[in-house]
Protein chains: 2
Amino acid sequence: MRDRGFPTTTPARASSRRSPFSIDVILFTPRGQQLAALCVRANDPRARERWLLPHDSAAPGETLDAAARRIAKTACGVDATWMEQVGAFGDGTRHPADTELSVAFVGVVPSDDTVKLPGDGAWFGVSEPPALAVRQRAMLDAGLDALRTRMDYAPIAFRLLPERFTLSELQAMYELLLGKRLHKASFRRALQATSLVEATEEWRSEGRGRPAQFFRFAPKKRRGARRGVRFDTLT
Amino acid sequence: MRDRGFPTTTPARASSRRSPFSIDVILFTPRGQQLAALCVRANDPRARERWLLPHDSAAPGETLDAAARRIAKTACGVDATWMEQVGAFGDGTRHPADTELSVAFVGVVPSDDTVKLPGDGAWFGVSEPPALAVRQRAMLDAGLDALRTRMDYAPIAFRLLPERFTLSELQAMYELLLGKRLHKASFRRALQATSLVEATEEWRSEGRGRPAQFFRFAPKKRRGARRGVRFDTLT
DNA sequence: TCAATAGTGTCTGTTAGACATTATGGA
DNA sequence: TCCATAATGTCTAACAGACACTATTGA
C-alpha cells in the first residue's frame, strides 16, 4: 500500500543526485481536544530515534501540489482532505534532506482515517512536538499558523467532518482547530449568515439529551461586500 | 550604483551552472491613483522587447529575504520599505531563468524613490501589466493579492508615506493599495481604535483649505482579543 | 465673500457576546 | 421526575456607515 513506485517519504541521503529542493508536508488531524501533527521516523539507521516531517523531492513532471498530496498519502495512508502551500524555507537552516530549499505544505486528514498509520509514523499533539531539524520546526510552526489563518477563507473544518454533522460537532471542530472556545449563539448566527450549511431531515438519536439535527456542507453563492475598515492585527 | 558585485537582475542564460531555483520580486509603488509594478527588460538581445519580473538566484550563504531585498534594490535603485515572501511557484510553467522552481517576494517602495529608475526598468500600472512568462504572471497576480491581504497585518501603508503624514494622505494610501474608496469618519475611528498613529504638533501650511495636522506612525502595545466568529470569505 | 479641505458630532442599522429560556430525549 | 444536550429569544455594548455640521485657510 505504501510502495507506489515513488520514493519513500524519508529518502535515503545516498541518492545518486541530490535534489535541489524538498517538499515537506505538515499534516494535522484532530486528536482528542487538540490537533496533532504527523511525524515519521528517520530512515537512517543511525538516527532511528530522530523524527522528521514527511518530505520528498518532486518527481519529474509532478506539480508541487501533486507531490505534496502524494507525500501525505504515503505518510499516513489516506488522502488529505485539504492542502495548501505554506511557503518556501531555506536560509541555510538544517534539513534532513540537506537541500538548500524546502517548500512546505499544510494539510488535514479526518481523525477516523488516522487509526492505522504506517509503521514509521506517529501523531504528536501540537503542544508537544518532537525535536525536529531547525527548518522543519519552523515549517511546523508556520503550518499551524497558516492552518488557523486560512480557516476563514477555506472550508477546512468541513473537510474534517463526515458529510452529515451536527452544529455542535461543527463548533467543536472549529474550537479544536482554532485552539479556543467559541460562543454558541454567536457561532450559529455567524454560520447562518454565511449560508454555508443546510439542514437535513435527519436527527441524531443516540445520546442523552435532546437530539441534534444533522446538517450538510452546502455553500450558497456568496454575499456582498463585508463591512468595515479593519486594521485589526497590525504589528 | 547598480553593479554591486552581485549578479544582475536578469542573469544571462549562459551562466556556467543553472541555479536550482530563482527568487523573483514583485515590487509595487503608488503611481497616480493606482499601484504600479516594476518590470525589467530581458537581457537577451533577441528578446529586448520582452518584459520580466526582477529575479536572480540566491548567492551562497545569502538568506532568501536578503536575496529578495538585493534584487529589489538592484532593480529600482533604492531599498524596499516592506517585503515578504509570497510562496513557491513551479509546476512546469515557463520562467525566463528556466528554473524548476521560483520563490516570489512582494515588496513596496515609496513613489518619491521611483523617479530615477535604472535604464532597463519600467513601472506598469497593475491594470495593464505587460506580457510575462506564465509563471511570472502568476507570481504578479499572487503578489498583488498578498499585498492587499497583508495590509491588515502589516503596516504597509505607513512604509509608503514620509515619517509625517496627514490622515487624508494616509487614507488616500489605503485607498490606493486596496483599490477602493473608504469612508472618512469610519477610517478615522478605526485608526483611533488601533492606536497606530500619534499626532504631532505640526500642521500643514500649504494648499487651499484648512490645514491638516501631521501624524506619525507610533503603534502602541496591542489590544485584546478581537470580537466575533468570522466565517467571512469562505469558498 | 466663496471654495476647498480638515475634522467632528450624531443617528441608525447590524452584530458580537452574554444570559436566559424553551425543547426534547434518556436515565 | 431529573439531567443532559439542542436550539432559540432577548438585551446590551460596540461599531460601521451615512449625513450633516463646524473649522480654517487661500483666492
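Computed from coordinates, the B:Arg204 CZ to C:dA6 C1' distance equals 9 Å when rounded to whole Å. Atom CD in B:Gln192 sits about 15 Å away from atom C1' in D:dA14, given to the nearest Å. Rounded to an integer number of Å, the gap from B:Arg181 CZ to D:dA18 C1' is 15 Å. Rounded to an integer number of Å, the gap from CD of B:Gln171 to C1' of D:dG17 is 13 Å. Going from atom CG of A:Leu191 over to atom P of D:dA6 covers 15 Å, rounded to whole Å.
Residues satisfying the side-chain hydrogen bond (donor to acceptor under 3.5 Å, both in side chains) criterion with A:Asp141, sequence neighbours excluded, are A:Arg137. Partners of B:Glu202 under the side-chain hydrogen bond (donor to acceptor under 3.5 Å, both in side chains) rule, at least two apart in sequence or in another chain, are B:Arg164. Taking the ring-ring contact (aromatic ring centres under 6.0 Å, His included) definition, one finds that B:Phe124 meets it with B:Trp51, sequence neighbours left out. Here A:Arg94 pairs with nothing under the side-chain hydrogen bond (donor to acceptor under 3.5 Å, both in side chains) rule; sequence neighbours left out. Annotation: ring-ring contact (aromatic ring centres under 6.0 Å, His included) contacts of B:Phe165 (sequence neighbours excluded): B:Phe158.
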Just the table, please: protein N/O against nucleotides 7-11 of chain D N/O, every pair under 3.5 Å.
from  : atom 1 : to       : atom 2 : distance (Å)
D:dA7 : OP1    : A:Gln213 : N      : 2.7
D:dA7 : OP2    : A:Arg188 : NH1    : 3.1
D:dA7 : N7     : A:Lys184 : NZ     : 2.8

Could you please spell out the steps behind the salt bridge (Lys or Arg N to Asp or Glu O under 4.0 Å) verdict for A:Arg135 and A:Asp91? CA-CA 9 Å; A:Arg135 190 187 300 167; A:Asp91 298 344; over 6 Å; no
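When each of A:Gly209 and B:Gly209 is assigned the nucleotide of DNA chain C bearing its nearest heavy atom, the one mapping closer to the 5' terminus is B:Gly209.
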